[in-house]
Amino acid sequence: VMCFLFTAQLTPCRSRCFSVPAQPVPPLAQTLQGYLRALEPLIPEEELVHTRKNIQKFCGEGGLGPQLQEGLERRAKHSNNWISDWWVQWAYLESRQPLPVHSNPAISLPKRDFSDWRGQLVFASKLIAAALDFKNVVDNGRLPVEYMRGQPLCMELFPLLFSSCRIPGRKHDTITHHSRARHITVVRNYQFFQMDVYNSDGSRMTESQIHAQLLRIRAESWKTDKEPMGILTSEHRQTWGQAYSRLLKDKLNKESVRAIEKGLFTLCLDSPVMRVSDDKYSSRMAAQILHGGGTHSNSGNRWFDKTLQFVVGEDGSWGLLYEQATAEGPPIATLLDHILQYCKKPDPKKTPLIPLQMPKKLYFNIDREIKRDIEHAKQNLDILINDLDIRCFNFQRFGKELPKRHNLSPNSFIQVALQLAYYKVHNEVCASCDIASQRMFRGGRTDYIRSPTNQMLKFVLTFDDPSITREAKLELLREAIETYVTLTDQALKGQSIDRHLLGLKLQAIEEGLSVPRLFMDTAYGLATHWKLRTGQVPANTDSVMCFGPLVPDGYAVCYNPQPDHVHFSVTAFNCCEETQAETLAATLHSTLCQLQELLQPTV
């Protein structure tokens, strides 16, 4: 490691992961004990008895557990990472749900100081130049190795952010990556353009060159009478896979689609949207980035399969949408941080006097079948968008400094608040997942930190009991937080339970065995029915991240804790009468105020 640290600045990003240890396969007994502990707050004792018996059979003499564990340990010896490829395949590429809302996270950034199309294009030029500058840093091995808790992190994903795309298939999707792309795609009024961003001598275009090209694109795309081809990428994956095969039979269509797929990234220049009041602006903006606002708004200005899409509106709004099979929150946060720093500086490059080639408009031949595919996709996307309930708010009473002053982990504090708020709304606790990075291991992606714990449940049940003293409640709060901190530490050491359980299940399938009973009982179904999908966005700026719930009767809550405030986004589906984003958001707000009162009682 000493050698690795010393040479970090000189080592190309692609090869850095070899100095990061391999991800361990956790001990079988430890995972099964952790699984039982995770079930205790969720299911009645009689069901626990049944699950304990299944576990004993699974790991006892003649059980499949030890055999599957051996298979995983063999796999770990002969692969870059024993679970990541499986996870990407199972969680993303084999999922048949639409990418917008269900999968692709959106990040909405603080409003910029412009309010018309002229400002939009000037900022978009800066944004493109900033992203290209970041790519140059990555390509030349100048991106500093990132650290967490003193440990170097795997940097493997960074080169894959650019020129990558997900390709739809009837049964499962695939990922394509092109290392020599020289263009981006720009989409405005549903029309796609291939725009070169490098000069013939290999130098990156300057901001003023990029701006000149964006002006040309604007002049060529002023009408909105074109079919919104991008809407097709919002479909159910099997449906889009079938339509994709039909679309690519035509040579012109194939060339246009390939140009989008091979591009470094996509820039979406959105048309103006209806103004809303200030308190609703952040929610509307998050929705715009997430899905485009509907087929009568900007949803046709997206290619949801693309790994990186930057969105810039005419009202100063902007953000980023990414596809998770090749991208993840922390590398995206690093990219955005670079962009924000770059945007503070003037254009460093002088513009060469080179005549620029006109950006190439991408055309499509649309027959009756493809026209029908587009109409179906439009209907389905509008149904999905109308079903999604989004509420973003900025909690301003305190930020991460308050729990820190009381020697409490800010993330664990917010997780306890989420369980308490959920309990107040639904009179029960639920299976909840928080995302933990596994980048301290070679090729590592993510695992889950589970809640509620027994200690959390105890605190939640006593919180509104007037017979319990403040001191006793404070002690229970500390115990709940400390237990969650321990689970977080375990997850960051590669010792969480969920990816291991998934690995055991997939290993059984790989060996041609029947899926063990452990994974077929109701307890496992309940334990993996994530009614609360959560994620912390540790960003240096006031960004808001947003994605949809994992299950129809669930919520997704993202939060970005800053020193003196916390940004939250809450989503739910309208089709479920029991879940309302507005209600959970309001309850979460009041719960945080009550927890502040518990920590710092006013006289």
Asks: Taking atom CG of Asp337 and atom CD1 of Ile332, what is their separation to the nearest 0.5 Å?
Replies: 13.0 Å
Asks: Does the ring centre of Tyr555 sit less than 6.0 Å away from the ring centre of His426?
Replies: yes
Asks: If you apply the rule side-chain hydrogen bond (donor to acceptor under 3.5 Å, both in side chains), what do you find for Gln151 with Lys493, and how did you get there?
Replies: CA-CA 11 Å; Gln151 299 298 311; Lys493 289 172 184 167; over 6 Å; no
Asks: Taking atom NZ of Lys424 as the centre, does the number of heavy atoms from other residues, nucleotides or ligands within less than 6.0 Å exceed 12?
Replies: yes
Asks: Only one of Thr453, Asp489, Asp434 passes side-chain hydrogen bond (donor to acceptor under 3.5 Å, both in side chains) with Tyr484; say which it is.
Replies: Asp434
Asks: Decide yes or no for Leu42 and Pro452: does some side-chain heavy atom of the first lie under 4.5 Å from some side-chain heavy atom of the second?
Replies: yes
Asks: With rounding to the nearest 0.5 angstrom, report the CH2 to OG distance, Trp90 to Ser95.
Replies: 9.0 Å
Asks: Counting only N and O atoms by type, is there a donor-acceptor contact under 3.5 Å from the side chain of Gln324 to the main-chain atoms of Ser103?
Replies: yes
Asks: Would Thr534 and Gln415 count as having a side-chain donor-acceptor pair, cut-off 3.5 Å?
Replies: yes
Asks: According to the interplanar angle, ranging from 0 to 90°, do the rings of His589 and Phe393 count as parallel (below 30°), tilted (30 to 60°) or perpendicular (above 60°)?
Replies: tilted
Asks: Answer yes or no: is there a side-chain heavy-atom contact under 4.5 Å between Arg442 and Asn80?
Replies: yes
Asks: Tell me if a side-chain donor or acceptor on Thr446 pairs with a main-chain N or O of Ala436 at a distance below 3.5 Å.
Replies: no
Asks: List the steps and the verdict of salt bridge (charged side-chain N to carboxylate O under 4.0 Å, His left out) for Asp173 and Arg96.
Replies: CA-CA 9 Å; Asp173 293 358; Arg96 303 289 77 196; 2.8 Å; yes
Asks: Side chains of Glu323 and Gln309 only: does a donor on one sit below 3.5 Å from an acceptor on the other?
Replies: no
Asks: Is the charged tip of Arg499 near the ring of Tyr448: under 6.0 Å from the six-membered ring centre and within 45° of its axis?
Replies: yes
Asks: Here's one to test your reading of the geometry: is the NZ or CZ of Arg517 within 45 degrees of the ring axis of Phe58 and under 6.0 Å from its centre?
Replies: no
Asks: Heavy atoms only: give me the nearest Phe441-Ala22 pair and the separation to one decimal.
Replies: CD2-O, 3.6 Å
Asks: What's the spacing between Glu511 CD and Leu64 CG if we round to 0.5 Å?
Replies: 8.5 Å
Asks: Between Lys473 and Asp465, is there a donor-acceptor pair closer than 3.5 Å when you use the side chain of the first and the backbone of the second?
Replies: yes
Asks: If only side-chain N and O atoms count, and only distance matters, is there a donor-acceptor pair under 3.5 Å linking Arg237 with Gln97?
Replies: no
Asks: Taking all heavy atoms of Met148 and all of Ser437, pick out the closest pair and write down the distance.
Replies: CE-CB, 4.3 Å
Asks: Is the shortest heavy-atom distance from the side chain of Arg52 to the side chain of Val49 under 4.5 Å?
Replies: yes
Asks: Just by modelled atom types, is the Glu47 backbone N or O under 3.5 Å from a matching donor or acceptor in the Thr51 side chain?
Replies: yes
Asks: Pairing donors with acceptors under 3.5 angstrom, does anything connect the side chains of Tyr559 and Asn411?
Replies: yes
Asks: How far apart are the closest heavy atoms of Gly494 and Pro26, and which atoms are they?
Replies: O-CG, 3.4 Å
Asks: For a 4.5 angstrom cut-off between non-hydrogen side-chain atoms, does Val416 reach Phe463?
Replies: no
Asks: Please answer whether the main-chain N or O of Tyr92 pairs with a side-chain N or O of Arg166 as donor and acceptor at a distance below 3.5 Å.
Replies: yes
Asks: Distance-only, no hydrogens or angles: does the Asn560 side chain make a donor-acceptor pair with backbone N or O of His567 under 3.5 Å?
Replies: no
Asks: Once the angle between the rings of Phe310 and Phe265 is folded into 0 to 90°, is it parallel (under 30°), tilted (30 to 60°) or perpendicular (over 60°)?
Replies: perpendicular
Asks: Starting from the C-alpha separation in whole Å, work towards a yes-or-no answer on side-chain contact (heavy atoms from CB on, under 4.5 Å) for Lys531 and Tyr422.
Replies: CA-CA 10 Å; Lys531 286 191 179 182; Tyr422 185 93; 3.3 Å; yes
Asks: Verify, without hydrogens or angle tests, whether Asp387 (side chain) and Cys575 (backbone) share a donor-acceptor contact under 3.5 angstrom.
Replies: yes
Asks: Shortest non-hydrogen contact from Leu384 to Pro98?
Replies: CD2-CB, 4.3 Å
Asks: I'd like to check Asp542 versus Leu109 (side-chain heavy atoms, cut-off strictly below 4.5 Å). Are they in contact?
Replies: no
Asks: Can you tell me how far the CG atom of Leu477 sits from the CD atom of Glu482, to the nearest 0.5 Å?
Replies: 9.5 Å
Asks: So do Glu146 and Phe158 actually touch side chain to side chain, heavy atoms under 4.5 Å?
Replies: yes
Asks: If you round to the nearest 0.5 Å, how far is CD of Glu475 from OG1 of Thr469?
Replies: 10.0 Å
Asks: Tell me, with the steps shown, if Gln596 and Arg397 meet side-chain hydrogen bond (donor to acceptor under 3.5 Å, both in side chains).
Replies: CA-CA 9 Å; Gln596 181 186 22; Arg397 287 274 292 265; 3.1 Å; yes
Asks: Is the closest side-chain donor-acceptor distance between Asp521 and His50 under 3.5 Å?
Replies: no
Asks: Just do the side-chain hydrogen bond (donor to acceptor under 3.5 Å, both in side chains) check on His529 and Asp553 with the steps written out, would you?
Replies: CA-CA 9 Å; His529 187 79; Asp553 56 342; 2.7 Å; yes
Asks: Counting only heavy atoms not in Glu45 (residues, nucleotides, ligands), do more than 12 fall under 6.0 Å from its CD?
Replies: yes
Asks: Within 45° of the axis and under 6.0 Å from the centre of the six-membered ring of Trp82, does NZ or CZ of Arg74 qualify?
Replies: no
Asks: Parallel, tilted or perpendicular: which describes the rings of Phe398 and Phe395, with under 30° parallel and over 60° perpendicular?
Replies: perpendicular
Asks: Give a yes or no on whether a salt bridge exists between Glu597 and Arg470, defined as a side-chain N under 4.0 angstrom from a carboxylate O.
Replies: no
Asks: Within the side chain of Thr334, is there an N or O that forms a donor-acceptor pair under 3.5 Å with the backbone of Pro330?
Replies: yes
Asks: With no hydrogens and no angle check, is any side-chain donor or acceptor of Lys306 less than 3.5 Å from a backbone partner on Ser164?
Replies: yes
Asks: I want to check something: taking the side chain as every heavy atom from C-beta on, are Leu72 and Leu68 in contact at a cut-off of under 4.5 Å?
Replies: no
Asks: Keeping Trp318 on the side-chain end and Pro110 on the backbone end, is there a donor-acceptor pair under 3.5 Å?
Replies: yes
Asks: For the CG atom of Asn454 and the OG1 atom of Thr483, what is their distance to the nearest 0.5 Å?
Replies: 8.5 Å
Asks: Any heavy-atom pair between the side chains of Cys154 and Met440 that's under 4.5 Å?
Replies: no
